[in-house]
Amino acid sequence: MVQIVCIPAFKDNYIWLLRKGAMAAVIDPGAADPVLEVLDREGLSLAAILITHHHADHQGGVAGLLDRHQAEVIGPAAERITGITRRLHGGETITACEISFAVLAVPGHTLGHLAYYGAGCLFCGDTLFAGGCGRVFEGTPAQMAESLARLAGLPDDTAVYCAHEYTEANLRFALAVEPNNAVLRERAAEVAAARARGCATVPSTIGIEKASNPFLRCAEPEVIAAARSRGATAEDPVSVFSVLREWKNTF
Ligand code: ZN
Ligand code: FE
């Protein structure tokens, strides 16, 4: 059985470490020190580094890790990734800590953004967040909406390991979009309580996201109506998504 360890970094990043026996793999190490601390303390050797996209808070620790460990560096072919040894486009299968992961291309936040799906777990970087989604920096709203729809198509019990603790603010926005969503209201209360205790709110699940994340609910009447009230001129999911994303950018 693989173990998944949460390594907080910076103000609100999560670096996820997979551990199997004395072997480890890490996803999106924005910083090396907190990862090295865990590897040293637990006597683990790092075999693989998986990168979802090129932003510094997701790969800034790669060089520091490679100074101490001989790890494979796996990431998007289309982006500049420090020390990359395996370039992926999406559609491949890779193995880390004896788990095989399907590599999914999820452009939008960045053009080469990848997600890794295996053993019922999804590592999705800055594409899908608990209660929200990443900003559309390089792609188009249509690309991002399609990427999110792809992730929403995974089984409901898939554990969603995103790369930031943004849940509380995301759910405040979600409530502005869907004030009458009972599941969302309950979730927002649970998340606020967890944060007050200092607990992580990640992972969530695809089922929870489909029920309460407005960016996965662009076909719901209440979400469409909210987008209409913010200037959406059409009701197709991409138009609704675009308006929601713009609205969240300044919320
Ligand atoms: Zn990012
Ligand atoms: Fe990030």
Side-chain angles (χ1 to χ4, degrees), residues 4-18 25-35 49-65 73-84 87-90 103-117 121-148 150-151 159-174 191 195 200-204 209 213 215-216 241-242 244-246 248-251:
I4 301 175
V5 180
C6 177
I7 305 177
F10 310 120
K11 192 163 84 61
D12 49 31
N13 279 70
Y14 289 135
I15 300 168
W16 299 104
L17 181 136
L18 310 178
V26 77
I27 296 112
D28 283 356
D33 285 351
V35 178
I49 300 172
L50 277 59
I51 303 291
T52 61
H53 68 293
H54 67 88
H55 290 158
D57 64 311
H58 297 255
Q59 64 149 332
V62 171
L65 292 171
V73 180
I74 300 166
E79 302 191 352
R80 280 172 75 107
I81 306 296
T82 309
I84 191 165
R87 295 163 197 280
L88 304 172
H89 296 88
V103 181
L104 311 176
V106 285
H109 179 69
T110 67
L111 282 174
H113 201 303
L114 300 175
Y116 301 95
Y117 170 61
C121 298
L122 173 70
F123 296 93
C124 51
D126 288 354
T127 297
L128 174 62
F129 288 132
C133 73
R135 287 184 188 240
V136 181
F137 283 129
E138 297 177 10
T140 62
Q143 278 177 316
M144 188 66 161
E146 192 184 322
S147 295
L148 290 170
R150 189 151 185 228
L151 299 182
V160 177
Y161 290 87
C162 58
H164 290 273
E165 178 63 63
Y166 289 162
T167 318
E168 205 171 5
N170 284 339
L171 294 182
R172 268 197 298 274
F173 174 74
V191 161
R195 292 309 293 152
T201 64
V202 181
S204 71
E209 295 309 320
N213 183 331
F215 295 99
L216 301 187
F241 173 81
S242 302
L244 288 189
R245 192 52 265 182
E246 287 289 324
K248 174 69 167 66
N249 288 348
T250 56
F251 184 76

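Whatever order the structure lists them in is the order used to number ligands and atoms, beginning at 1.
Counting just the N/O/S atoms of Asp57, the one with the shortest distance to the Fe ion (ligand 2) is named OD2. His58 has its closest N, O or S atom to the Fe ion (ligand 2) at the position named NE2. In His53, the N, O or S atom that comes nearest to the Zn ion (ligand 1) is NE2. Per residue Asp126, closest N, O or S atom to the Zn ion (ligand 1): atom name OD2. Its N, O or S atom nearest to the Fe ion (ligand 2) is what matters here, and for Asp126 that atom is OD2.
In summary, an N, O or S atom of His164 is located under 2.8 Å from the Fe ion (ligand 2).
Glu146 meets the side-chain hydrogen bond (donor to acceptor under 3.5 Å, both in side chains) test with no other residue; sequence neighbours excluded.
Around the Zn ion (ligand 1), the angle linking His55 (ND1) with His109 (NE2) is 90°, rounded to 10 degrees.
Looking at heavy atoms from C-beta onward, Pro76 lies in side-chain contact with Ile81 at the 4.5 angstrom threshold. Contact annotation: the side chain of Tyr161 never approaches that of Tyr116 to less than 4.5 Å [non-hydrogen atoms, C-beta and beyond].
For Cys124 against Leu151, the heavy-atom pair with the smallest separation is CB-CD1, 4.2 Å.
The aromatic ring centres of His58 and His164 sit less than 6.0 Å apart.
Among His54, His109, Gln143, the one residue that satisfies the side-chain hydrogen bond (donor to acceptor under 3.5 Å, both in side chains) test with Glu138 is His54.
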